[in-house]
Amino acid sequence: MSKQKILVQLDSDNHPSVFDSVTAIDAGVDQLLSHGRVEPMEISSLAPGAIFTRGPQDLHNTAIFIGGSDVRTGEQILEQVVDCFVGPMRVSVMLDPNGCNTTAAAAVLSAAKHLDLSKTEAIVLAATGPVGQRAVRLLARQGATVRVASRKLARAEAVCNEIKEKLPEAILIPLETLSLQDTEDALAGANLLIAAGAQGIELVSAEQLQAASSLQVAIDLNATPPLGINGVGMTDNAVEKDGKIYYGAIGVGGPKMKIHKAALKQLFTSNDQILDAEEIYDLGAALSK
Ligand SMILES: NC(=O)c1ccc[n+]([C@@H]2O[C@H](COP(=O)([O-])OP(=O)(O)OC[C@H]3O[C@@H](n4cnc5c(N)ncnc54)[C@H](OP(=O)(O)O)[C@@H]3O)[C@@H](O)[C@H]2O)c1
C-alpha cells in the first residue's frame with residue numbers, strides 16, 4: 001500500500017503560514033506537519049524525523065516546505081536541511097518564503113508571453129523585497145538587462161552583488177528611486193516594468209505610466225490599495241491599454257497559485273528535488289506550454 005503524502009512545513013514566523021497550509025492541502029497533501037518559529041540551528045533535530053522514518057523506496061512520499069517571511073532565514077534552513085541528507089536518505093524540498101519564488105516566477109512568465117526576455121530592458125521597482133529580488137534573478141537568468149531599483153542605492157547594490165555571486169553573467173544596473181524624478185528617469189527606455197513594492201504603496205503615478213513611452217508590459221504585484229502602479233488594475237490579466245499590456249496582482253495571482261500547487265505535487269514524484277526560484281520558474285514554464 002502506498003504511504004500517505006506527508007509535508008513538513010518549516011516556517012520561521014511565529015505562526016506557520018495559513019496560506020501555505022491551505023495550499024498544501026489543496027495540492028493533495030495527506031498529512032501536514034506545521035512548525036512555526038523554526039530557526040536554522042534547530043534543523044539538525046527536526047529534519048532527521050522526516051528523513052530517517054521511511055525507507056528509501058518510500059521517501060518520495062515525504063517532503064519539506066520552507067516558508068516564513070524572512071527569505072535569508074529560509075535559505076539557511078534549506079542549507080541545514082540539505083546537510084542532514086545521507087546518501088539516498090533524503091527528501092524533496094521546496095523553498096518559497098513569502099511566496100517569493102512562486103510569485104516572481106508567475107510575474108516573469110507573464111512578461112515572457114509578450115517579450116523576448118533576452119532582448120528586454122527590464123526595471124524592477126522595490127527590488128529589495130523577497131519577491132523583487134527573485135524577479136530580478138529570474139529575469140537576469142533569461143538574459144534580460146535588469147535595472148534594480150530601491151529607495152536606497154546601497155540596498156539596490158547589495159541585491160545586485162548577491163545575485164551576481166549566483167549568476168555572474170547577470171546584467172544588473174542598481175538605481176536609486178527616491179524622488180518622482182528618479183522614478184521617471186529610471187523608467188525611460190525600459191520595455192518591462194515589475195513593481196514589487198510593499199502593500200499599499202504607490203510607486204508609479206498615472207502620469208509617469210503614461211510618460212513611459214518605451215514600456216510594453218507593466219506588472220504590479222501589490223494587491224492592497226493604493227496599488228503600486230496607478231493605472232494598472234488589480235485584476236488586469238494581459239489587459240491592453242494605451243498600447244501597453246498590464247497585469248495586476250490578482251492577474252498574476254492565478255498563475256502563481258497554479259505554479260505553487262504544481263510545485264508541491266512535483267515534490268512527491270521523487271525524493272531528490274530542491275525547488276528554489278529557477279526550478280519553480282522552469283516548472284511554471286512547462287505548465288504554460
Ligand atoms: N500577487 C501575488 O500573488 C503576490 C504574492 C506574494 C506577494 N505579493 C505582493 O508582492 C509585493 C512584494 O512582496 P514582498 O514581500 O517582496 O514586499 P516587501 O518586502 O513588503 O516590500 C518590498 C519593498 O518595498 C519597498 N518599500 C517598503 N516600504 C515602502 C514605502 N513606505 N515606500 C516605498 N517603498 C517601500 C522596500 O524597498 P526599498 O526599501 O528598497 O525601497 C521593500 O524592500 C507586495 O505588495 C506583496 O503583497 C503578491
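In each ligand, atom 1 is the first atom listed, and ligand 1 is the first ligand listed.
Of all atoms in ligand 1, listed by their number and element, those nearer than 4.0 Å to a heavy atom of Ser150 are 38 (P), 40 (O), 41 (O). Within ligand 1, counting atoms from 1 as listed, the ones closer than 4.0 Å to a heavy atom of Thr128 are 36 (C), 37 (O), 38 (P), 40 (O), 42 (C), 43 (O). Residue contact check: Gly253 has heavy atoms under 4.0 Å from atoms 3 (O) of ligand 1.
Of the candidates Gly197, Gly129, Ala135, Gly200, it is Gly197 that places a heavy atom closest to atom 11 (C) of ligand 1. Of the candidates Ile201, Ile259, Thr102, Asn98, the one placing a heavy atom closest to atom 15 (O) of ligand 1 is Asn98. With atom 19 (O) of ligand 1 as the reference point, the heavy atom nearest to it among Pro97, Ala107, Pro130, Ala198 is part of Pro130.
Both the backbone and the side chain of Val131 come within 4.0 Å of ligand 1, judged by heavy-atom distances. Heavy atoms of Asn222 found under 4.0 angstrom from ligand 1 belong to the backbone as well as the side chain. Contact annotation for Lys256 and ligand 1: only side-chain heavy atoms (C-beta onward) come within less than 4.0 Å of the ligand. Contact annotation: for Arg155 versus ligand 1, heavy atoms closer than 4.0 Å belong to the side chain alone.
Between Asp185 and Arg147 there is no salt bridge, since none of the side-chain N atoms of the basic residue sits less than 4.0 Å from a carboxylate O of the acidic one. Using a 4.0 Å cut-off between a side-chain N of Lys or Arg and a carboxylate O of Asp or Glu, Glu278 and Arg137 qualify as a salt bridge.
A heavy-atom separation below 4.0 Å is not found between Val252 and ligand 1. The closest approach between a heavy atom of Ala223 and any atom of ligand 1 is not below 4.0 Å. In this structure, Lys152 falls outside the shell of residues with a heavy atom less than 4.0 angstrom from ligand 1.
The protein heavy atom nearest to atom 9 (C) of ligand 1 is Leu221 O, 3.1 Å. For atom 6 (C) of ligand 1, the nearest non-hydrogen atom of the protein is Thr103 OG1, 3.3 Å.
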Below 3.5 Å, can you tabulate the donor-acceptor pairs from side chains in residues 260-269 to any protein atom, sequence neighbours excluded?
unit_1: His260; atom_1: ND1; unit_2: Lys256; atom_2: NZ; d: 3.4
unit_1: Gln266; atom_1: NE2; unit_2: Gln273; atom_2: OE1; d: 2.9
unit_1: Thr269; atom_1: OG1; unit_2: Gln266; atom_2: O; d: 2.6
unit_1: Thr269; atom_1: OG1; unit_2: Gln273; atom_2: NE2; d: 3.2

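Screening Gln4, Arg54, Arg90 against Thr62 for a side-chain hydrogen bond (donor to acceptor under 3.5 Å, both in side chains) leaves a single residue, Arg54.
Looking at ligand 1, you won't find any N or O of Leu203 less than 3.5 Å from one of its N or O atoms.
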